[in-house]
Structure formats: structure tokens, C-alpha cells
Number of protein chains: 2
Amino acid sequence: MDVYRTIVTKRDTRDYEERTIADDVLRRILQAGRMAGSSKNEQPITAIVVRDGEQKAALADCGDFTAHLPTSPLVVVIVRTEGSRPFDAGRTAQNMMVAAHSWGIASCPVGIQHDDRAREVLGLPADQIVAMAVTFGYPTGGRPQARGESRMPVDSYAHWERWGQREP
Amino acid sequence: MDVYRTIVTKRDTRDYEERTIADDVLRRILQAGRMAGSSKNEQPITAIVVRDGEQKAALADCGDFTAHLPTSPLVVVIVRTEGSRPFDAGRTAQNMMVAAHSWGIASCPVGIQHDDRAREVLGLPADQIVAMAVTFGYPTGGRPQARGESRMPVDSYAHWERWGQREP
């Protein structure tokens, strides 16, 4: 699929088929995340692959809106070093999700970073923080974009030179 | 270019030719950012397009490591609503940068969010915050990845089920 079309058609989707994500695909998803740039190339981001049922259930207890987490074939927890930028975690996650979308795999970020229990479940060292969990799976019904979330109009999204200034 | 290859070959690059980025390309870069998902689809992110020389110079005064900002053909300032997640700003920026890379345009995030003067220069309302600036331009010498930043080994990047656990 064309890069631009892949990017603009990606929708956050939580309903997945049971179908497993193959190991070589998982490896490329991780590689997409690993190659994301970071501030001063400090590489504060790492990833924890979670496929074990008990681990997924334990993580689901660590946040709201996590009902789909135990049924997701793959969960990747994005971890960042304390003091690093959540912005860089977003870059990483988007790389993973856009790559996955290009192979027909849907995904959705899930917040479990507000709960210290997630740190325990994952066995994080003191200087590591959960940035976000991301669920992955083949979308139910085979449609990569099940929910066509609307977006604000371009004129509200883009400002020119200064806030509130319209296109010249 | 293949989606996966585009994603993994993207390098943050600050050295650009003077060549202008065409309006239709700019529009697609903005659209790539606009279509990035956000927590609960709250859409806290907006973008300010900066191409005016004085505005670029003023922004360069608002951060460190901004020397290349005045010579970048295009600066897009990613703005977020107070209380929103910088993570979502990272998703937006990555969408823009990967799309741009697919058209041979290099880019680099630049931190100007630590300086209240940036808010003044951009005329932001009280509830809006600079998340990051991103510079764009055709890379000097026509090479999309001028600096091949190294990355930590995959074995350090990816953990399995729990922090520190190696691949099963």
C-alpha cells in the first residue's frame, strides 16, 4: 500500500480476530518501533512483548478502557526511561502501528501508565516507566478501519504563521 | 516506497537544501498529521505552519539546538491542548515525518516547548501549549538519510512478557 494512504487510513481499532500475529511480522513491528528517532538519539524507549494470557489479564487490571486487552493477540508495552519524552514514545508507537496497518493489522494505544501495578506486573526497574500499551490484531471482519473516527476540519487543524491565522 | 522500508529508513536530519516544499505536498504532510489518532479521539493537536523568515528566526531564539531552524524551508509547530498527552503529539509528528520521507523530504523534531516566548511568538491562547517544532526540507546532497544514527541491539530493545526476559 502507498505510504501516504497507509498513514491517513490508519484508525485505532480494538476489535480483533483470534488469529495470531506471525513471529516474523511481530519482529518487523518491533523493528519499526526501534528505528524511530529520539531526542539526541538517547533511545529512551524499549518494548515489552506480551502474549501470555495471565500477563495480559494482569495488565488489563491496570487501567480503564482495557476490556479488549486480554483478547488482543498481541500487546506491546512501550516503556521509557524516567526523564525522557513521552513524545518519543508516541513516535515509536506510531511507527509500529502504521507498519502493522500496512499488513492489515489493526491496533490501539491503551493507557496503563497511570497505575503503579503495571510497573510491578512488568517487573520494571526503578528508572523505567510505562509510556503506553498498544494492542495489535487482525480486525474483526477483516476491515482495517472498523471505526471511521471523524477529524476536525483542516481549517481548524492548521494555522498559518500564528495561532488563529488562516491560510494566506 | 514500501511502507515498512520508509518507516525503518527515516532518519532525523537537519541539513536541507533551499528548495521550497510545494503547497500540495505541505497539505498532505498536514493531512498525515491530522489523521493521527488521539486518546478518546479528543483531537488535542493542531499545527502551525511557519515559513516566514522572521517567525522562524524568532522561534529559533526559543530553544537550544535550533541553529538550523531559520534555514529550514518549512517548520511545523505541533501544538497541544493543556492536559493532553505529549504521546499524541509524537504520533502526529511521526505521521508527518514518515509521509514526508516517502517523498524524499527529511525532517527533525526541535524542542522549543520549554520556553514561554515560543507561546508568545505563536500567539497561543492560554489553554494551548507547544508540544514540539518539526523542521522539514529536501536533504542536502539529495540523500534522505544523511546521518545513520545507530540503534541499540534488538535484544536490548525488546523484552518478552517481563522486563529483562529474553525471547522464549
Side-chain angles (χ1 to χ4, degrees), chain A residues 1 3-4 6-12 28 30-37 39 41 43 46-52 55 79 85-95 98-99 102 108-109 111 121-125 128 131-132 149-152 154 156-164, chain B residues 1 3-4 6-12 28 30-37 39 41 43 46-52 55 79 85-95 98-99 102 108-109 111 121-125 128 131-132 149-152 154 156-164:
Chain A
M1 192 162 24
V3 177
Y4 176 67
T6 304
I7 288 171
V8 299
T9 58
K10 195 271 183 232
R11 296 291 179 282
D12 294 349
R28 277 178 286 155
L30 294 172
Q31 175 69 351
R34 176 173 166 264
M35 295 311 291
S39 178
N41 196 30
Q43 306 181 61
T46 48
I48 304 182
V49 176
V50 177
R51 294 182 290 189
D52 176 75
Q55 274 295 80
V79 174
R85 290 171 166 165
F87 177 89
D88 286 339
R91 295 186 65 183
T92 295
Q94 195 68 10
N95 263 10
V98 170
S102 79
C108 191
V121 168
L122 297 163
L124 295 191
Q128 299 296 322
M132 191 69 68
E149 298 281 20
S150 63
R151 295 287 185 272
M152 70 176 81
V154 176
S156 307
Y157 181 77
H159 304 241
W160 300 78
E161 303 299 343
R162 283 175 63 87
W163 179 272
Chain B
M1 194 164 22
V3 177
Y4 176 67
T6 304
I7 288 172
V8 299
T9 59
K10 194 270 182 234
R11 295 293 179 282
D12 294 349
R28 277 178 287 157
L30 294 172
Q31 175 68 353
R34 175 173 165 264
M35 294 311 291
S39 178
N41 197 29
Q43 305 181 62
T46 48
I48 304 182
V49 176
V50 177
R51 293 182 292 189
D52 176 74
Q55 273 295 78
V79 175
R85 291 171 164 164
F87 177 89
D88 287 338
R91 295 186 66 181
T92 296
Q94 196 67 10
N95 264 10
V98 170
S102 79
C108 192
V121 168
L122 297 163
L124 295 192
Q128 299 296 322
M132 191 68 68
E149 299 281 20
S150 65
R151 296 286 186 272
M152 70 176 82
V154 175
S156 307
Y157 181 76
H159 304 241
W160 300 78
E161 303 299 342
R162 284 174 62 87
W163 180 273

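Sequence lines set the chain letters: A, B, ... in the order given, protein chains first and strands last, and positions in each chain run from 1.
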Does the side chain of [X] reach to within under 4.5 Å of the side chain of [Y], using non-hydrogen atoms?
X	Y	answer
A:Met152	B:Thr46	yes
B:Met35	A:Thr9	no
B:Val98	A:Val98	no
A:Arg91	B:Lys10	yes
B:Trp163	A:Leu124	yes
B:Trp160	A:Arg51	yes
A:Arg162	B:Val121	no

Engaged part of [X] at the chain B interface, taking heavy atoms whose separation is under 4.5 Å:
X	answer
A:Thr92	side chain
A:Gln55	side chain
A:Asn95	both

Work out which heavy atom in [X] is nearest to a heavy atom in [Y]; give both atom names and the distance.
X	Y	answer
B:Gly37	A:Asp12	CA-OD2, 3.8 Å
A:Ile7	B:Ala32	CG2-CB, 3.8 Å
B:Gln31	A:Val154	OE1-CG2, 4.2 Å
A:Asn41	B:Ser150	ND2-O, 3.2 Å

Side chain to side chain contact (heavy atoms under 4.5 Å, CB included) with A:Ala89: which residues, sequence neighbours excluded?
->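 A:Ala89 satisfies side chain to side chain contact (heavy atoms under 4.5 Å, CB included) with A:Ile45, A:Ile78, A:Ala131, B:Phe87 only.
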Under a 4.5 Å cutoff for heavy-atom pairs, which residue among [options] has the most contacts with chain A?
options	value
B:Ala93, B:Ala99, B:Pro109	B:Pro109
B:Ile48, B:Val50, B:Thr6	B:Ile48
B:Gly90, B:Pro86, B:Gly33, B:Gly123	B:Gly90
B:Val79, B:Leu30, B:Asp88	B:Leu30

Between chain B and each of A:Ser156, A:Gly111, A:Pro125, count heavy-atom pairs under 4.5 Å; write down the option with the most.
->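 With the most close heavy-atom pairs to chain B, the winner is A:Pro125.
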Can you sort out the partners of A:Tyr4 under ring pair (Phe, Tyr, Trp, His ring centres under 6.0 Å), two or more places apart, ordered by chain and number?
-> B:Trp103
